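Here is the structure we will look at, set down as structure tokens.
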Amino acid sequence: GESVGLHLPTLSVQEGDNSIINCAYSNSASDYFIWYKQESGKGPQFIIDIRSNMDKRQGQRVTVLLNKTVKHLSLQIAATQPGDSAVYFCAENRGTSYDKVIFGPGTSLSVIP
Amino acid sequence: DTEVTQTPKHLVMGMTNKKSLKCEQHMGHRAMYWYKQKAKKPPELMFVYSYEKLSINESVPSRFSPECPNSSLLNLHLHALQPEDSALYLCASSQARAQQETQYFGPGTRLLVL
């Protein structure tokens, strides 16, 4: 399953399938991007990050792709599991300081058993 | 210890009450943050403390008053709040060393203003 831009806030995928969550950013000066997972009733949890000098980074079952040309970021989750159900936020560092982090609107991922 | 803790988990208060939210981290981080999150919305930055000094105030109303007593603690004092202030209040921390670094979040305090 795949979410499209910022206008599809929900994504449903079958357990075991791969998920792709997309995010567009607007500031070409942003040089650091983070994906957070927020489960119901909890704070955002760091998943993976990527710097602007990279176009791909892999973690455990997750991959983040960065396309600076079109200012687009995606999070791929392999073999999606019920525990992956959550809201996923992309966040960008827009400034020269560590504290200027702006969150995207989020995508709600539901995994169908 | 890689945890940010927040108390209380839930808080109900009237518009004339005074209450405080507390946040604590023992990761040696020197930047701490308060965010406000409404339902189905992303976190919005309110305040940043860097080395115990207030470095960012995102035009937050004065009925919210932050305090950083030491490098491990961050408080948010609440007074004369409005019902629209009901939200999840998140605390976060980061190392404050590099331009690109991760913020670690606590579980939040869910606030209801009646």
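Here is the naming used below: chain letters follow the sequence lines, and residue numbers restart at 1 for every chain. Just so you know, these numbers come straight off a predicted model, no measurement behind them.
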Within 6.0 angstrom of A:Q60 CD, more than 12 heavy atoms from elsewhere = no
Linking I/L/V/M/F/W/Y whenever any side-chain heavy atoms sit under 4.5 Å apart, do B:L11 and B:L74 land together?
-> yes
If you group Ile, Leu, Val, Met, Phe, Trp and Tyr by side-chain heavy-atom gaps below 4.5 Å, do B:M13 and B:M15 land in one group?
-> yes
Does B:I56 belong to the same Ile/Leu/Val/Met/Phe/Trp/Tyr cluster as A:I102, with side-chain heavy atoms less than 4.5 Å apart forming each link?
-> no
Applying the 4.5 Å side-chain criterion to the ILVMFWY set and letting contacts propagate, would B:L54 and B:W34 be lumped into a single cluster?
-> yes
Enclosure of A:K56 NZ (heavy-atom neighbours >12, cutoff 6.0 Å) = no
From A:F103 atom CZ to B:K41 atom NZ, the distance as rounded to the nearest 0.5 Å | 15.5 Å
Please check if any side-chain donor atom of A:Y32 sits under 3.5 Å from a side-chain acceptor atom of B:T102, or the reverse.
-> yes
Before giving the answer on side chain to side chain contact (heavy atoms under 4.5 Å, CB included), spell out for B:F105 and A:K42 the whole-Å C-alpha distance, their side-chain angles and the decisive distance to 0.1 Å.
-> CA-CA 9 Å; B:F105 284 81; A:K42 297 184 179 180; over 6 Å; no
From the list B:G108, B:P43, B:P107, the residue making the most non-hydrogen contacts under 4.5 Å with chain A is B:P43
Taking every non-hydrogen atom, the tightest pair across A:F89 and B:Q37 = CZ-NE2, 3.7 Å
Which heavy atom in A:P44 sits nearest to a heavy atom in B:L90, and how many Å separate them?
-> CD-CD1, 3.7 Å
Ring geometry between B:Y104 and A:F46 (parallel below 30°, tilted from 30 to 60°, perpendicular above 60°) = tilted
Apply side chain to side chain contact (heavy atoms under 4.5 Å, CB included) to A:Q38 and B:L88, showing your working.
-> CA-CA 12 Å; A:Q38 187 173 23; B:L88 181 68; 4.0 Å; yes
